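Since the structure comes first, as structure tokens, the remarks are kept for the end.
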Amino acid sequence: MSESKIKERTPITGEDKKELECPSCEESVQIRDYSENKVICNNCGRVIKDKIKDRGPEWRAYDQKEKENRSRGGPPMKETIHDRGLSTQIDWKNKDSKGKSISPEKRSKIYRMRKWQKSTKMNEQKDRNLSLAFSEIQRMSSQLGLPNNVRDVSSKIYRKAVDEDLIRGHSIEGMATAALYIASRKNQVPRTLEEFAEVSYMDKNEFCKNYRYMARELDLDLPPADPVNYVARFSSDLDVSGEVKTRAISLINKAQEERLTVGKGPSGIAAGAIYLASKLEGEGRTQSEVAEAAGVTEVTLRNRYKEIKEAFDLDA
DNA sequence: CGGAGTAAAAGGCACTT
DNA sequence: AAGTGACTTTTACTCCG
């Protein structure tokens, strides 16, 4: 290990909490400090700062020796491995760590240890349950392009659901989907129920019930998804310009101030705003194109679009 | 074809018996 | 735990340019 590996960390000041400017967006950039460990541009979705909570060791090493003394060993706990990656496997071979055979007296002891390990660990339904759920979460989150922190949060939620005995009587797939859905909402990177239904084995109504049940039982407060968080994704599907995107976001923000959006489906609002913005910016997109991208019907789009248009007296 | 609108059916939510 | 009512969304259809 070289001397250069010891980094001096700057102390954390209040500056970190402040709003930053996103390098890839122009004006009116909103940046939020999302619950996990990232600062993500609310406008374009760019990750400005990663792992902001990992500020390195809380101590400072003044020389190599001190560093070695103070470092704590072991790999980090991995939330997505069913036993948090802390398990020790007992090998089936009757050899010790140096490859020598083990004496007959010790063999019976080892045998008992294996048996014990099997009955307490491998055979526990709970762990199978978690392994299955975590691999489902892994699969779906990569198919949906969700960031790793969302995956980890959903694993945490699922583990908690298991601990509180909420899974019994429900399918593992459904509850895993529900946990991921909740995590994606909590981390402000929502995907619509339809998008989840596409990658899940469950149908929409099935895990929809699961997620409500889960959110209620775990006392998770899930504020309604912000339409702004859908804009970036829908617009890139539609291949519209950044101007349309920012315009749509500002329309949504204004509409929210006017209380036009309460009780309405967020994806419908996003669709209406994008459609109107594309018209205002002279990049006509058809209603059916936008509606398709947002996963709502044209009628819903028209309703939102009309409301926003009339509220601000915009002619398009 | 794209846009606008409507009526009726369906679905979800808060609240009550 | 089923029922109710206000509300949003969808379905299906019509009309216009």
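All chains are named by letter (A, B, ...) in the order of the sequence lines, taking the proteins before the strands, and each is independently numbered beginning at 1. Hydrogens, waters and symmetry mates play no part in the numbers below; they use all other heavy atoms, side chains included. The shown structure was predicted, so the numbers you read here are calculated from the model rather than taken from an experiment.
- Summarising the geometry, atom CD1 belonging to A:Ile252 is positioned 7.5 Å from atom CG belonging to A:Asp226; distances are rounded to the nearest 0.5 Å.
- Under the 6.0 Å distance and 45° angle rule, A:Arg139 counts as a cation-pi partner of A:Tyr201.
- OP1 or OP2 of C:dT10 lies within a sub-4.0 Å distance of a side-chain N or O belonging to A:Thr297.
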Mind listing the N/O atom pairs, protein and nucleotides 6-8 of chain C, below 3.5 Å?
none

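- Judged by the 6.0 Å distance and 45° axis criteria, A:Lys204 is not positioned over the aromatic ring of A:Phe196.
- Following rounding to the nearest Å, A:Lys204 (NZ) and C:dT9 (C1') show an atom-to-atom distance of 9 Å.
- A:Thr286 and A:Glu289 are linked by a side-chain donor-acceptor pair at a separation below 3.5 angstrom, with hydrogens and angles left out of the test.
- Rounding to the nearest 0.5 Å places CG of A:Leu301 at 13.0 Å from NZ of A:Lys306.
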- request: Let me have a per-nucleotide readout for nucleotides 1-8 of chain B, 5' to 3', with B, S or -, counting only protein heavy atoms under 4.0 Å.
  value: -SSBBB--
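- The closest side-chain heavy-atom distance from A:Arg302 to A:Gln287 is below 4.5 Å.
- Between A:Lys264 and A:Glu307 there is a side-chain heavy-atom pair separated by less than 4.5 Å.
- Across every non-hydrogen atom of A:Pro227 and A:Gln256, the tightest pair is CD-NE2, 3.5 Å.
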